[in-house]
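In the text below, chain A, chain B and the rest are named by the order of the sequence lines, each starting its count at 1.
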Amino acid sequence: MDAKRRNGGPPRGGASQAKRGKTVWDWEDSPSIFEEELALFEEADMETEEREGQAGHDVIPVGELFSADLNPRWRRPQAAPLNPDSDTLVFQQIDLDYYLGKLCQSQGNVPIIRMFGVTDSGNSECCHVHGFAPYFYIPAPNGFTSDHLSEFKRELNSAVLKDMRSNKDNMSVTVLAVDITRKESMYGYHGKRLADFLRITMAMPRLIALAKRLLEQSFKFGPFPIQSFSSYEANIDFEIRFMVDSDVVGCCWIELPKGKYRVREERKVSLCQYEVDVGWTQLISHPAEGEYQRIAPLRVLSFDIECAGRKGIFPEAEKDPVIQIASMVQRQGEKEPFIRTVFTLQSCSSIVGSQVLCFTKESQLLQSWAEFLRTVDADIITGYHIQNFDLPYLLNRAATLKVICSPTWALGIKSVLRDSSFQSKQMGRRENKIHNMEGRVQLDLLQVLLRDYKLRSYTLNAVSFHFLQEQKEDVQHSIITDLQNGNEQTRRRLAVYCLKDAYVPLRLLQKLMCVINYMEMARVTGVPLTYLLSRGQQIKVVSQLLRQAMKQGLVMPVVKPEGGEDYTGATVIEPEKGYYSVPIATLDFSSLYPSIMMAHNLCYTTLLQKGSTEKLGLTPEDFIKTPTGDLFVKSSVRKGLLPDILEDLLSARKKAKAELKKETDPFKKQVLDGRQLALKISANSVYGFTGAQVGKLPCLEISQSVTGFGRQMIEQTKQLVESKYTIANGYQADAKVIYGDTDSVMVKLGVDTVSRAMEVGREAAEWVSSHFTQPIKLEFEKVYYPYLLINKKRYAGLYFSSSADTHDKMDCKGIETVRRDNCTLVANLINTCLQTILIDRYHLDHSDRQVGTTWNILLDR
DNA sequence: TCCAACTTTTAG
DNA sequence: CGGTCTAAAAGTTGGA
């Protein structure tokens, strides 16, 4: 009896049955709220379906666990037969990578793109895309003609072969092709002159860097002198190269027309229901518009493991066993998980609403769970801290017990662990474990939260409370082993805890709309979903830049990273510190940096490098000089790529917001809101990209000009407001800008009501806007009343925006209440103080004379 | 006790 | 290989 499944009455037993003396646990009261929730799932299931295996009484031999009769929900829907001659295959691609493989026996390895996806009917699919090869460019040397092509190719090929450390694949052809094309470098404006470039196509992606290095050092061929070549687009990931060239964006829908693809019956390498081969020019990529905005019914699996650690020692996979694995599987877009199961070591009492599978041997538990994972065939695997804990632990544990090393988790590819550490100015050093699982997207909720949310605490309990207002089942880590060594009731207690830990990430995923938001970001920026989770900000801009550049015959240079000096950023207006018991209007430039770049046509392609003006014979009408003294041509001469990208992003955002307003379907609303957000973030990261000094294409002329304009604008705004709103001009009082930071000014307009401040604020914003170039726009944002200005970047106030009668919130910036480097007592204390002096101000100020006097002393008046 | 250098955290 | 930006406050550390 290796595995059993039970379904019994309410939990019985308790401390009296525990083998270990004292009552370490105090739990045998009523079922928890979570247990009731689980039970409700069961009822819901019953209404819609006959009793399936889910609620049986029988003990099931382990071999039968995966039988379709017993666990019909585990598998995906049956895949209809696919006839490539008459059927078109349409699927949403969710992951895209490449591998090296042989097209036929005689030839060497070639890179093959692989797309994983899901069809509308929920069938999984793996598509091998053939025929796309990596390439890069170099400028053609002077006097180069097509007659030199073959010699160049031959020389480069032999140089590459000579330099290869080991020629494992026994390649003889590394350079597949060299062609002359007319291109222009995107860096700097040089009169729209196309020049000859050599497009060098290599046999494998990793040969690109090699060829680039050889050409950069010194390269001799034919009658040409030894020279070094700068390279273009040699640092582009192969996946991105393919996606840009074939107009595929992350998570888009792909159509394989009938007659254009082949179905694999044998030689299947994946566990997908459909596995097909197609040529890279045959597939159709649909832009994410209209019906192709939809999302396929993806399977999302969330899991959590429990280990029996030794007292006071963090569990180690080499020593401590895995005792439970809970899993929940949900279809994207549905409200509840349709699989709820926990695998336990040793017996465990039943839990209504979930399946309990008990094992006597840990190795069987692990093996069965791996089989479960393959059977469920999830598209997205989630959980909390799975990337650096659960998955590595399972893998190391399996290695220790010498099980499930092969077959592996997902594909026919062995899963291995890799350590990666990366450093950035922003994030510091960060160590991560990488666990390959081709075809399944690993979405560790902890990583998502670390990336996108600033929280006081990242424990699952704290996060759950923060977002869901719910506490976890409380089980101290120290008693896990005791619970395991107790009886089937204590192990049940543990299993409920484990199930909740698998359930909460699913809830969070839903609440934060992670899947939708990430998918929209992938679609907007054009990178694969997995890039968003494993890579930084830059790749998203590179992807967009390449797409835009390709349309105009521009190529992107490879620049060697060299850190330079920091450049000047934004201005913070010296605050007039104090407590303001009058309304303070706040005016903001919306999307300041993007709109500066658009208004002044700042781009790589419009930058005039030293001496270019004379060389190109440009008149002063053709270009502008930025506050930092850099020169850029006007859009009448050439429209920049970055302004183009930004316009696309911002107009798409406008469109998404308009659609959002009209849309009534809540699911489509979520998608549109996710898109709107992705577009905003993308627009704002373009500036950061140009200023990233160790980046793919830094251009400080752009970034320092942007901040330079920003500084100028905030000063000008201050002066404009203070010059117009004066007593001399017939206003009640002289307006005063009391503070401002980067893109905002706080103005004391001298009016005494919120509604009046709103009126004047709106008018002022509009008037100031008219002094700036389109699309720069100053907007009225909010009124603070009252307003406490402590210092630069530290203030608080009651926030009025939607209504002049009631405040939306108490807004605190930079103060202890929002900082995470104090204990909560400090935050609470300060928060109470602020509430008192901001919200209860009338009480203090007017009604209570005694306190009112103290108040005046405090305010120094 | 003071101060400069460094760290952490936020605003935008 | 990977890695948006600067300004600025306030706290910590360590040397004189």
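- For A:Lys736, the salt bridge (charged side-chain N to carboxylate O under 4.0 Å, His left out) partners are A:Glu576, A:Glu722, not counting sequence neighbours.
- Taking atom CD1 on A:Ile596 and atom P on C:dC5, their separation rounds to 18 Å, with Å as the unit.
- Taking atom CD on A:Glu239 and atom P on C:dC1, their separation rounds to 16 Å, with Å as the unit.
- In this structure, A:Ser744 reaches neither bases nor backbone, as no heavy-atom distance under 4.0 Å exists between it and the strands shown.
- Here the nucleotide nearest the side chain of A:Thr742, chosen from B:dG12, B:dT10, C:dT4, is B:dG12.
- In the set B:dG12, B:dT10, C:dT6, B:dT10 carries the atom at the smallest distance from any side-chain atom of A:Lys454.
- With no hydrogens or angles considered, no side-chain donor-acceptor pair links A:Ser801 and A:Asp808 at under 3.5 Å.
- Within the 4.0 angstrom heavy-atom criterion, no nucleotide atom of any strand lies near A:Tyr593.
- Taking atom CZ on A:Arg456 and atom C1' on B:dT9, their separation rounds to 12 Å, with Å as the unit.
- Counting non-hydrogen atoms under 4.0 angstrom, A:Phe589 reaches nothing in the nucleic acid.
- For A:Lys680, there are no salt bridge (charged side-chain N to carboxylate O under 4.0 Å, His left out) partners two or more places apart in sequence or in a different chain.
- Screening residues 592-609 of chain A for salt bridge (Lys or Arg N to Asp or Glu O under 4.0 Å), with sequence neighbours left out, gives no hits.
- As judged by a 4.0 angstrom heavy-atom cut-off over every strand, A:Lys540 is placed among residues making no nucleic acid contact.
- The interatomic distance linking A:Phe689 (CZ) with C:dC5 (P) rounds to 12 Å, in whole Å.
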Could you go over nucleotides 8-12 of chain C and give all protein N or O partners under 3.5 Å, atom names and distances?
from   : atom 1 : to       : atom 2 : distance (Å)
C:dA8  : OP1    : A:Lys792 : NZ     : 3.2
C:dA10 : OP1    : A:Arg794 : NE     : 2.9

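- Here side chain to side chain donor-acceptor pair (under 3.5 Å) pairs that include residues 233-244 of chain A, with residues two or more places apart or in two chains, are A:Tyr135-A:Arg241, A:Glu233-A:Arg241, A:Asp237-A:Arg535, A:Glu239-A:Tyr531, A:Arg241-A:Asp245.
- Within 4.0 Å (heavy atoms only), A:Val818 reaches sugar-phosphate atoms of the nucleic acid but no base atom.
- Between the P atoms of B:dG12 and C:dT4, the separation comes to 22 Å (whole Å).
- Nucleotide B:dT8 holds its P atom 23 Å from the CD1 atom of A:Ile815, rounded to whole Å.
- Contacts of A:Arg213 classified as salt bridge (charged side-chain N to carboxylate O under 4.0 Å, His left out), with partners at least two apart in sequence or in another chain: A:Asp163.
- The nearest whole Å value for the distance from the CG atom in A:Leu592 to the P atom in C:dC5 is 18 Å.
- The side chain of A:Lys813 contributes no N or O atom lying less than 4.0 Å from OP1 or OP2 of B:dT10.
- If you measure from atom CD of A:Gln693 to atom C1' of C:dC5, you get 9 Å, rounded to the nearest angstrom.
- Note on residues 786-798 of chain A: pairs passing side chain to side chain donor-acceptor pair (under 3.5 Å), not counting sequence neighbours, are A:Glu574-A:Lys792, A:Asp741-A:Lys793, A:Arg794-A:Glu816.
- The stretch residues 705-713 of chain A has no heavy atom under 4.0 Å from DNA chain C, so no residue of it qualifies as close.
- Taking the six-membered ring for Trp, A:Tyr687 and A:Tyr593 have ring centres closer than 6.0 Å.
- Within 4.0 Å (heavy atoms only), A:Gly569 reaches sugar-phosphate atoms of the nucleic acid but no base atom.
- Just one of A:Thr626, A:Asp630, A:Thr568 meets the side-chain hydrogen bond (donor to acceptor under 3.5 Å, both in side chains) condition when paired with A:Gln704; it is A:Asp630.
- A:Ile539 has its CD1 atom 14 Å from the P atom of C:dC1, to the nearest Å.
- Among residues at least two apart or in separate chains, there is no salt bridge (Lys or Arg N to Asp or Glu O under 4.0 Å) pair with a member in residues 693-714 of chain A.
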